Amino acid sequence: MLNSNAQAKAFKIAVPSHDSSDEDDVPLAQRNRIATPSKPAPMNHDSSDDEDDKPLSQKVECKKRVGETTADMSSDDDVPLSKRIASKATPSSAPKSVKKEIKRDSDDEFPLSQKQTALKKVKAEPMDVDVPSRKRPADTKATPVKREKKVKKDAEDPDFYKWWEEEQTAEIESDDSVKWTTLQHNGVMFPPEYVPHGIKMKYDGQPITLSPEAEEVASFFAALLETEHGQNPVFQKNFFEDWQEVLKKDPKNPKIKEFSKCDFRPIWNKFEQDKEKKKAMTKEEKLRAKEEKTKAEQPYLYALVDGRKEKVGNFRIEPPGLFRGRGSHPKTGRLKKRVQPEQVTLNLGIDAKIPEPPKGHKWASVVHDQTATWLATWKENVNGAIKYVFLAATSTWKGQSDMQKFEKARELKKHVARIRSDYTRDLKDKLSEVRQRATAMYLIDRLALRAGNEKGEDEADTVGCCSLRYEHITLEPDNVLHFDFLGKDSIRYQNSVQVEPQVYKNIRIFKKQVGEGQMIFDRLTTAGLNKHLNSYMKGLSAKVFRTYNASITFQQQVDELTKPDDSVADKLLSYNRANRLVAVLCNHQKSASKTHDQMISKIGDRIRALKYQRMKLRKQLYALDPKMKKKPEYADMESDLEDEWIVEHEKNLVEKEKEKIKSKFEKQNDKLIADKQPRMPQSELKEKLKAATELQDRLKKERKLAKIEPKASMTVEKLVASIQKIDERIAATKNQATDKEENKEIALGTSKLNYIDPRITVAWCRQHDVPQEKVFSKTLLEKFRWAQTIPDDWVSRAEVCLESVTNILVEILNSRIK
DNA sequence: CTAGTCACTTAGGAATTGGCTT
DNA sequence: AAGCCAATTCCTAAGTGACTAG
């Protein structure tokens, strides 16, 4: 449905035929020695070959819900924290990850006393982690220069743990490690109870009365009446079935048999009115409502992890509603029921205070799983999916794993050459299993496809690499493969790619073996593929290639596109271009806004208006100093301004001037009336309006002149400065237009948020003197705080062998844009 | 092996905010 | 001082991938 216009234009992939056979003989460990210098030294690497260290058995043991068994921690408040933990450490068999946890804790940046108070306080009463920033009347330490209104100076808050300032961080943790020692939070926030509105919808033309529960569900649908969901027959059918179940619960509900006889419009209208009302609220009312909301969520905003304050992410329990599945999801429209506390399990420290469940309710259970980072979990009824409450993206846990993800991608750089030469070789392997794997790896690597786990019957039919079916790839002449399938979120992937002849041959063979409707890689599973990848590098899986290729492509492109002498605006354009290339690579799309075309033409108008202004300035300049005519920087550049447009524009200018005069006149009159003075006569207005007519005449006259006599006070310097300013604005607006047009259906946000190593951006900003706020929003800056501390010489140079990949991308981009 | 469970990241669209005219 | 619309944030669906039970 999306991007159907994306021109499927063929482009070339040249797999670098670098390092062939002999390279393979070099032991992996030795090859690794070419390491990137900047990687933080893993703390416990003492010999070069412990790469694939630790027998599996050692790791397995530390899963289990640790907290449930250990009953200590209760009486030792006075023992220094470091000792406490040390004494608690599992005896000799303790996996190394546990040990490390302890070590880090002991040299924590906070004074011990502070920590203990934090812990004690917690035990005393419902956790009181107050927000320090709220109404800090005289922020003494803040420099007077910058005073944001809403100030959340989290960065300066000593309560926030700067984990990246610690010595050791980058060791890639296995998943079963202990993540915390103490954990305290206030649970989850439930949505408000349903308040019936009593608006009667109609059935068969008659107003009907519904039980509150049935009314609630009907209202869920009514709210979506005008949306795509509301029009979707599957959505309607699923909703209707579930609604009927609810209706049956109360015998007083009318018998409702046919969806087509239902009229939800009255409820829909009510909601529209509510929206209006909300908009019409006064400022104070709005402010108060907001304050109340903020107050209600206070208790849930933060958790204490090992005594440190950490922001919680999604502490709200998802409210009931209709499941909005994407694409053609068979269950879309089903009723997502209200979640009761009895379904919610909390994860807490063993001696943490258990948050009160809502009155008359209890929690499903409380666990102490130290290997997990979730705070609460429940199961959703539509798909049986498990939902979690996690910490926010700015938290230590999320930040560390984010950094580890990028470190892993950087690590792949050391192995990728061999992986590529191996799969190139394996394309011809006699075992079809191996050949399929190699072919899939080629696609994952070169096209950044997702792994493609298999999906169930009751989900939308979408695919990734391993689950591609016969009909998703078509063979075109010249070794061109045409891809057309629905990927994650049912986003369409369309692309024509010229591939290695052997890849082309393989696909043809695989397809012939299976036939319509069948998976092309019938001998391949994501698990098998990942197992193979893991043998190259610990933690390597298919998704790492996406991260790796995204980051390295960005690095390479942004370096290539940015010119040192460019203006900041131009540099930003380059940045966004590189970003966009990555978004295209990863197929991150958005639906083009309805107002896109309108917006573009508006910008065009703005540019013309600026050019018009410039023309006027230029002519004045010529009048003052005819020599200026010779200087190219003040030359005519508005040649594309058509006379017709100018006439129209001037008409508008005059019109605007009139409006201005009129409204000023009205205002003055209002004031006079307020002062009990007589109002000015209409003739006065007429008099004033003459100014507009004069403007009209003057503009008309000036139109033919090459020189315009400026005001007496005008100087050459002033004019030159004005022209320069206008030129800058023109350039900026033009860039904006280009950017917008190129971005029509491409979403940059996802790659910026998840795929591009933020350290590349930080380094780029420093190198080119671009303030980071220009490329990172407030939340992004916060999320990527860990990336700010890179040394000035932090680089991850794109490797030469990747050039071919990126050149391909430039071609795709260009073909898609035009 | 296979299907299912679990925990975590990635994703687009809706809702809200905020900055800019008017 | 309000209205407009792009940017940002929120929401939660939809992936990945490790692990487990049968």
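Labels below follow one simple rule: chain letters A, B, ... track the order of the sequence lines, proteins then strands, and each chain is numbered from 1. Keep in mind that the numbers below use all heavy atoms, side chains included, and drop hydrogens, waters and symmetry copies. Since we're looking at a predicted model, the values are computed, not measured.
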* For the side chain of K405(A) and the base of dT9(B), is some donor closer than 3.5 Å to an acceptor across the two? -> no
* How close or far is atom C1' of dT10(B) from atom CG of D489(A), stated in whole angstroms? -> 8 Å
* Do you know the tightest heavy-atom contact between A376(A) and V344(A)? -> CB-CG1, 4.2 Å
* Run the ring-centre check on F554(A) versus Y575(A) and record whether the distance is less than 6.0 Å. => yes
* Asked: Checking all strands, does R326(A) fall into the base, sugar-phosphate, or nothing category for heavy-atom contacts under 4.0 angstrom?
  -> base
* Using a heavy-atom cut-off of under 4.0 Å over every strand shown, decide if N530(A) touches base, sugar-phosphate, or nothing. => sugar-phosphate
* At under 4.0 Å between heavy atoms, what does K279(A) touch on the DNA or RNA strands: base, sugar-phosphate, or nothing? -> nothing
* Asked: Which part of the nucleic acid, if any, lies within reach of K543(A) when heavy atoms closer than 4.0 Å are counted: base, sugar-phosphate only, or nothing?
  -> sugar-phosphate
* Hey, does T377(A) reach any base, or is it just sugar-phosphate, or nothing, if we go heavy atoms under 4.0 Å? -> nothing
* Structure fact -> Regarding the side chain of T779(A), the nearest nucleotide among dG12(B), dA13(C), dT9(C) is dT9(C)
* Which part of the nucleic acid, if any, lies within reach of A747(A) when heavy atoms closer than 4.0 Å are counted: base, sugar-phosphate only, or nothing? -> nothing
* To do: Establish, with yes or no, whether the OP1 or OP2 oxygen of dG12(B) is under 4.0 angstrom from a side-chain nitrogen or oxygen of S591(A).
  => no
* Asked: When the nearest nucleotide of DNA chain B is assigned to K293(A) and to D402(A) on a heavy-atom basis, which residue is associated with the more 5' position?
  -> D402(A)
* Structure fact -> Contacts of F776(A) and A460(A) projected onto DNA chain C by closest heavy atom; the upstream (5') one is F776(A)
* To do: Write down the distance between CD (E297(A)) and P (dC11(C)), rounded to a whole number of angstrom.
  => 9 Å
* Asked: Taking only side-chain nitrogens and oxygens of H588(A), does any of them come within less than 4.0 Å of OP1 or OP2 of dA11(B)?
  -> yes
* Asked: Reckon G464(A) touches a base, only the sugar-phosphate, or nothing at all at heavy-atom distances under 4.0 Å?
  -> nothing
* To do: Report the distance from atom CD1 of I491(A) to atom C1' of dA13(C), rounded to the nearest whole Å.
  => 12 Å
* Taking NZ, NE, NH1 and NH2 as the nitrogens, is one of them in K778(A) or E773(A) under 4.0 Å from a carboxylate oxygen of the other? -> no
* Would you say dA11(B) has OP1 or OP2 under 4.0 Å from some side-chain N or O of R450(A)? -> yes
* Asked: When the distance from CD of E454(A) to P of dG17(C) is rounded to whole Å, what number comes out?
  -> 14 Å
* Report yes if at least one side-chain N or O of R546(A) is closer than 4.0 Å to OP1 or OP2 of dA11(B); otherwise report no. => yes
* Separation of N587(A) atom CG from dT10(B) atom P, in whole Å? -> 17 Å
* To do: Check whether any side-chain N or O of S541(A) sits under 4.0 Å from OP1 or OP2 of dG17(C), and answer yes or no.
  => yes
* Euclidean distance, atom CH2 of residue W378(A) to atom P of dC6(B) [Å, nearest integer] -> 15 Å
* Distance in Å, E318(A) CD paired with K337(A) NZ, rounded so as to fall on 0.5 Å steps -> 15.5 Å
* What nucleic acid atoms does G452(A) come within less than 4.0 Å of, heavy atoms only: base, sugar-phosphate, or nothing? -> sugar-phosphate
* Hey, which sits more toward the 5' end of DNA chain B by its nearest nucleotide, I386(A) or K398(A)? => I386(A)
* To do: Calculate the interatomic distance between K488(A) atom NZ and dA13(C) atom P; express it in whole Å.
  => 13 Å
* With a non-hydrogen cut-off below 4.0 angstrom, is T526(A) in contact with a base, only sugar-phosphate, or nothing? -> nothing
* Asked: dA13(C) phosphate, OP1 or OP2: any side-chain N/O from K336(A) under 4.0 angstrom?
  -> yes
* Option passing ring pair (Phe, Tyr, Trp, His ring centres under 6.0 Å) with H229(A) (candidates F235(A), F221(A), F220(A), F323(A)) -> F235(A)
* Does R316(A) make a side-chain N or O approach to OP1 or OP2 of dC11(C) shorter than 4.0 Å? -> yes
* Asked: Do the side-chain N or O atoms of S401(A) get closer than 4.0 angstrom to the phosphate oxygens (OP1, OP2) of dC8(B)?
  -> no
* **Pairwise side-chain contact, L322(A) with K336(A), heavy-atom cut-off 4.5 Å (strictly under)** => no
* Asked: Want to settle it: does N314(A) or N534(A) sit nearer the 5' end of DNA chain C, counting the closest nucleotide to each?
  -> N314(A)
* To do: Please state whether the phosphate of dT9(C), meaning OP1 or OP2, lies under 4.0 angstrom from any side-chain nitrogen or oxygen of S777(A).
  => yes
* Look at the side-chain N and O atoms of T373(A) and state whether any lies under 4.0 Å from the OP1 or OP2 oxygen of dA7(B). => no
* Asked: Is there side-chain contact between L391(A) and W374(A), with at least one heavy-atom pair below 4.5 Å?
  -> no
* To do: Would you confirm whether the ring centroid of Y302(A) sits within less than 6.0 angstrom of the ring centroid of H185(A)?
  => no
* Counting side-chain heavy atoms from CB outward, which of dA14(C), dG15(C), dA7(B) is closest to D369(A)? -> dA7(B)
* Does a side-chain N or O from Y755(A) land closer than 4.0 Å to OP1 or OP2 of dA11(B), or not? -> yes
* To do: Report the distance from atom CG of N453(A) to atom C1' of dG17(C), rounded to the nearest whole Å.
  => 7 Å
* Asked: Which part of the nucleic acid, if any, lies within reach of F390(A) when heavy atoms closer than 4.0 Å are counted: base, sugar-phosphate only, or nothing?
  -> base
* Distance check: side-chain N/O of H329(A) vs OP1/OP2 of dA14(C), anything under 4.0 Å? -> yes
